[in-house]
Protein chains: 2
Amino acid sequence: MSTHRRDQDRPRPADDAVVDTGKLGAMLFHALRRAHGGVMNGLHAAFADEDIRALPFAVMVVLSRNPGLRQTQVGFALDIQRTNLVPLIDALEKRGLAERRAVPGDRRARGVFLTRLGAETLARLEARAVAHEEKLAARLGADGRGQLLALLHRLSDPAFDPDAG
Amino acid sequence: MSTHRRDQDRPRPADDAVVDTGKLGAMLFHALRRAHGGVMNGLHAAFADEDIRALPFAVMVVLSRNPGLRQTQVGFALDIQRTNLVPLIDALEKRGLAERRAVPGDRRARGVFLTRLGAETLARLEARAVAHEEKLAARLGADGRGQLLALLHRLSDPAFDPDAG
DNA sequence: TATTGTTATACTCTATAACTATA
DNA sequence: TATAGTTATAGAGTATAACAATA
């Protein structure tokens, strides 16, 4: 048995007053960083049995909806650079969850497909992801979750960029 | 002159239909990842002249409001582990923006202070961060920004955890 | 025994540059 | 000339384990 104790398991020292975080409380970058980290941790915990993380999961979802999609297109859909997608697909291929195939008509391109195992694994992952989303909805309320999604999309979608058209 | 062209500068290929991202569009982890990435990129661009990133900036804000705070407390305030805070403070110290001092009464602890240079730098950074937030508000509308902040806090704050008391 | 800071280390995610083979 | 995939590499950020000094 180990005397070890993870940093995160330590109790917040209660003897001190709450720390003043100043303007950070009203800044989106900070709220986003904390929410993003927390939600990712929760999802990764939900996926622990399957030993998969959020990003490869997102890739698998796209592949299931768009069989044979080229890597570059996967990247555009998910805001992942081509170059960073390579090791992601490599890992999925190595685990037998996806495979690259030649694209007829363009010998440069590689179409990516989920394997049968990949589709089966994805089904389990999606169930867990949905359950995780429901936990979040319990925090936010059903309306809150929808509002949050809409606001986040507005923040990411280039169509809402005031600098653009 | 370089023939180089960054991956991100490439135009989205318009010949193809928009990729179907399936359930991802309704999943918070995915919306958070994209919004977080985009907002961080924007803030880092706004900070480029000062060569500082969001996380050390957040540390500096906390130090300015809580001079002499112990590292562990800084970590609790920002959801950063003690162990990961060490190189962050190291870097601030190396640049002369912050310094560690002995804490009277507890020889284990180190109180962290902004230097004069740190405070001056922080003032410029805060102005840029505020300007960046205003850009985001222009996207979301003033109400939208406030709603988004509230929802994100609700997502991060343990007080809203239904599993807790 | 527990806590503060630290070192060492590993993994994930993101980023830039440049190469190859095709188009 | 441009594009699709790739390799190599570097830097953030986050995570675990274990240690020394001190409480």
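The structure displayed is predicted, hence computed values, not measured ones. Computed from heavy atoms alone, side chains included, the values below leave out hydrogens, waters and symmetry copies.
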Integer-rounded Å distance: [N] [atom2] and [X] [atom1]:
| X | N | atom1 | atom2 | value |
| --- | --- | --- | --- | --- |
| A/I80 | C/dA15 | CD1 | P | 11 Å |
| A/L85 | D/dA4 | CG | C1' | 12 Å |
| B/R100 | C/dT4 | CZ | P | 15 Å |
| B/F57 | D/dG13 | CZ | C1' | 18 Å |
| A/D106 | C/dA21 | CG | C1' | 11 Å |
| B/H36 | C/dC13 | NE2 | P | 13 Å |
| B/R53 | D/dA10 | CZ | C1' | 12 Å |
| B/L78 | D/dG13 | CG | C1' | 14 Å |

Does [X] make a side-chain N or O approach to OP1 or OP2 of [N] shorter than 4.0 Å?
| X | N | answer |
| --- | --- | --- |
| B/R34 | C/dC13 | no |
| B/Q73 | C/dT4 | no |
| B/R33 | C/dT12 | no |
| A/Q81 | C/dA15 | yes |
| B/R107 | D/dT22 | yes |
| B/N41 | C/dT14 | no |

Ion pair present between [X] and [Y], side-chain N to carboxylate O less than 4.0 angstrom?
| X | Y | value |
| --- | --- | --- |
| B/E120 | B/R116 | yes |
| A/K23 | B/E133 | no |
| B/R70 | B/D106 | yes |

Got a donor-acceptor contact below 3.5 angstrom from the B/N84 side chain to the B/I80 backbone?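 The answer is no, because no donor-acceptor pair under 3.5 Å joins these two groups.
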Could you check A/L88 against A/G105 and say which one's nearest nucleotide on DNA chain C is further toward the 5' end?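 Here A/L88 is the residue nearer the 5' end.
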Return the 5'-most residue of the pair A/T83, A/H44 with respect to DNA chain C, ranking by each residue's nearest nucleotide.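 Between the two, 5'-proximity favours A/H44.
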Would you say the side chain of [X] and the base of [N] hold a donor-acceptor pair, judged only by whether the two atoms sit under 3.5 Å apart?
| X | N | answer |
| --- | --- | --- |
| A/N84 | C/dA15 | yes |
| B/R110 | C/dG5 | no |
| B/R108 | C/dT3 | yes |

Just to be sure I understand the rule, does B/L55 reach a base, reach only the sugar-phosphate, or reach nothing, if contact means heavy atoms closer than 4.0 Å?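 The residue B/L55 makes sugar-phosphate contact but no base contact.
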When you measure from the centre of the six-membered ring of A/F113, is the NZ or CZ of A/R101 closer than 6.0 Å and no more than 45° off the axis?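 Pair A/R101/A/F113 counts as cation-pi.
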